[in-house]
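Everything on this sheet refers to the single structure shown next.
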Amino acid sequence: MNSKTDFNQRCYALLKLIPKGKVTTYGEIARALNTTASRAVGSAMAKNRDLIVIPCHRVIRSDGSIGQYALGTDKKASLLCEEGVEVENGKVKHFSKVFHVFTKNI
DNA sequence: GGCGTGACCCCAT
DNA sequence: TATGGGGCCACGC
């Protein structure tokens, strides 16, 4: 049941599983999807027509950097801060602590 | 049906 | 420790 845009839907589904105050990385999502296409995940978010429905702002880079955001990195940082994630100089503090791991593989 | 792009990641220097 | 280069997959035209 691999729909053409099913890949994006899976990414969104995983994002929905992220609890408030937690974040994840593109690579982790890609691995959860059983693929190494971390870039594809970013591309999926970049197009994000479901930005309103999906909390894409909870997705950051594996380095702890916030990375990019359709509405701007500053906006993303503000959102994360509101979520309870400490952000400093465009990077997440205690990244390992707020990092959400997908135990369920798709 | 094929090419280029991208919100990245990993390795080497 | 920081910076640079290459490679990965999926999507859009």
Side-chain angles (χ1 to χ4, degrees):
Chain A
M1 97 176 212
N2 292 330
S3 300
K4 46 195 172 189
T5 56
D6 188 54
F7 182 80
N8 295 28
Q9 297 299 327
R10 293 187 201 181
C11 296
Y12 303 148
L14 290 170
L15 265 56
K16 289 180 185 175
L17 298 177
I18 303 174
K20 182 180 177 217
K22 290 286 187 98
V23 294
T24 190
T25 65
Y26 300 99
E28 192 62 28
I29 295 174
R31 290 186 181 189
L33 297 176
N34 255 328
T35 181
T36 59
S38 52
R39 300 190 66 180
V41 179
S43 289
M45 300 294 135
K47 270 72 179 180
N48 76 70
R49 53 192 180 190
D50 300 280
L51 173 64
I52 311 169
V53 187
I54 310 296
C56 310
H57 63 272
R58 287 183 187 163
V59 188
I60 61 176
R61 300 200 352 180
S62 58
D63 295 288
S65 304
I66 294 178
Q68 293 297 344
Y69 190 54
L71 305 182
T73 55
D74 55 332
K75 186 71 178 182
K76 189 169 180 177
S78 296
L79 289 169
L80 290 172
C81 186
E82 294 297 313
E83 294 287 321
V85 180
E86 299 183 59
V87 181
E88 184 76 6
N89 194 20
K91 295 186 181 153
V92 179
K93 300 177 64 171
H94 306 293
F95 168 60
S96 303
K97 298 186 179 183
V98 295
F99 177 64
H100 177 74
V101 182
F102 298 102
T103 54
K104 295 182 180 178
N105 294 39
I106 302 179

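Just so you know, these numbers come straight off a predicted model, no measurement behind them.
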Atom-to-atom span, [atom1] of [X] to [atom2] of [N] - whole angstrom:
X      : N       : atom1 : atom2 : result
R10(A) : dC9(C)  : CZ    : P     : 16 Å
E28(A) : dC9(B)  : CD    : P     : 11 Å
R31(A) : dC8(C)  : CZ    : C1'   : 12 Å
Q9(A)  : dA10(C) : CD    : P     : 16 Å
I29(A) : dC9(C)  : CD1   : C1'   : 14 Å
N8(A)  : dA10(C) : CG    : C1'   : 8 Å

Verdict with reasoning, F7(A) to V41(A), per side-chain contact (heavy atoms from CB on, under 4.5 Å): CA-CA 8 Å; F7(A) 182 80; V41(A) 179; 4.0 Å; yes
Kindly point out which of [options] is positioned nearest to the side chain of [X]?
X      : options                 : result
D63(A) : dC10(B), dA7(B), dC9(B) : dC9(B)
F7(A)  : dC9(C), dC11(C), dA7(B) : dC11(C)
M45(A) : dG6(B), dC9(B), dA7(B)  : dA7(B)
T36(A) : dC11(C), dC9(C), dG6(B) : dC9(C)
Y26(A) : dA7(B), dC9(C), dC10(B) : dA7(B)
S38(A) : dC8(B), dA7(B), dC9(C)  : dC8(B)

Looking at side-chain heavy atoms only, is the closest gap between [X] and [Y] below 4.5 Å?
X      : Y      : answer
Y12(A) : M45(A) : yes
I60(A) : L80(A) : yes
T73(A) : Q68(A) : yes

I29(A) CD1 to I18(A) CD1 distance, which is reported to the nearest 0.5 Å: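 CD1 of I18(A) is found 5.5 Å from CD1 of I29(A).
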Residue-phosphate contact under 4.0 Å: S62(A) side-chain N/O, dC9(B) OP1/OP2: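 Yes, S62(A) has a side-chain N/O under 4.0 Å of OP1/OP2 on dC9(B).
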Phosphate-side-chain proximity, R39(A) and dC10(B), N/O vs OP1/OP2 below 4.0 Å: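 R39(A) to dC10(B) OP1/OP2: no side-chain N or O under 4.0 Å.
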